[in-house]
Amino acid sequence: MAWVYLFVAGLFEVGWAIGLKYTEGFSRLGPSIWTVTAMTASIVLLALALKTLPVGTAYAVWTGIGAVGTAALGIYLFGEPATAARLTSIGLIVAGILGLKLVT
């Protein structure tokens, strides 16, 4: 169950990172509420996962999911460049996440 908590925590991390873009400096109420809610949910779920997972593994996977998801949505939603180097780097993060999952 800890891995499920960690995965969902990573998805909420993506949600708040993307949400920050829409808050316009926390000047828009709806996106600001979503962002703060997603931040809270992400941290709470990470804390639940840390009850059984090693902190180094859990934190790396959590930030990795956040980084990959945010980078992918940045490309999709905001037209950020999808260069070969960028996509390769995202792939390396995914490989690291999978590697940590396999050895834990």
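What you see is a predicted model, and the numbers here were worked out from it, not measured in a lab. Residue numbers run from 1 in the order of the sequence given.
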Indicate if Val103 and Tyr59 have the same hydrophobic cluster label, given that clusters are the connected sets of ILVMFWY residues with side-chain heavy-atom separations under 4.5 angstrom. no

Determine all donor-acceptor pairs shorter than 3.5 Å in which one atom belongs to a side chain in residues 86-102; sequence neighbours excluded.
from: Arg86; atom 1: NH1; to: Pro81; atom 2: O; distance (Å): 3.3
from: Arg86; atom 1: NH2; to: Glu80; atom 2: OE1; distance (Å): 2.8
from: Thr88; atom 1: OG1; to: Ala84; atom 2: O; distance (Å): 2.8
from: Ser89; atom 1: OG; to: Ala85; atom 2: O; distance (Å): 2.9

Which pairs, with at least one residue in residues 27-50 and sequence neighbours excluded, count as a side-chain hydrogen bond (donor to acceptor under 3.5 Å, both in side chains)? Ser42-Trp62

So which residues get pulled into Ile33's cluster when ILVMFWY side chains under 4.5 Å apart are joined, directly or through others? Leu29

Indicate if Trp3 and Val14 have the same hydrophobic cluster label, given that clusters are the connected sets of ILVMFWY residues with side-chain heavy-atom separations under 4.5 angstrom. no

If I compare all heavy atoms of Ile75 with all of Ala82, which pair ends up nearest, and what's the gap? CG2-CB, 3.8 Å

Could you report the tightest heavy-atom contact between Ala58 and Leu6, atom names first, then the distance? O-CD1, 3.5 Å

Looking only at heavy atoms, the pair that brings Ala17 and Thr70 closest together is CB-OG1, 3.5 Å

Enumerate, atom names and distances included, each donor-acceptor pair closer than 3.5 Å involving a side-chain atom of residues 45-55, sequence neighbours excluded.
none

Does anything in residues 5-23 pair up under salt bridge (charged side-chain N to carboxylate O under 4.0 Å, His left out), and if so which pairs, sequence neighbours excluded? none

Once ring-ring contact (aromatic ring centres under 6.0 Å, His included) is applied, do any residues pair with Phe78, and if so which ones, sequence neighbours excluded? Tyr22

Compare all side-chain heavy atoms of Trp16 with those of Val36 and state whether any distance is below 4.5 angstrom. no

Quick one: do Val8 and Tyr5 end up in the same hydrophobic cluster if we chain Ile, Leu, Val, Met, Phe, Trp and Tyr together by side-chain heavy atoms under 4.5 Å apart? yes

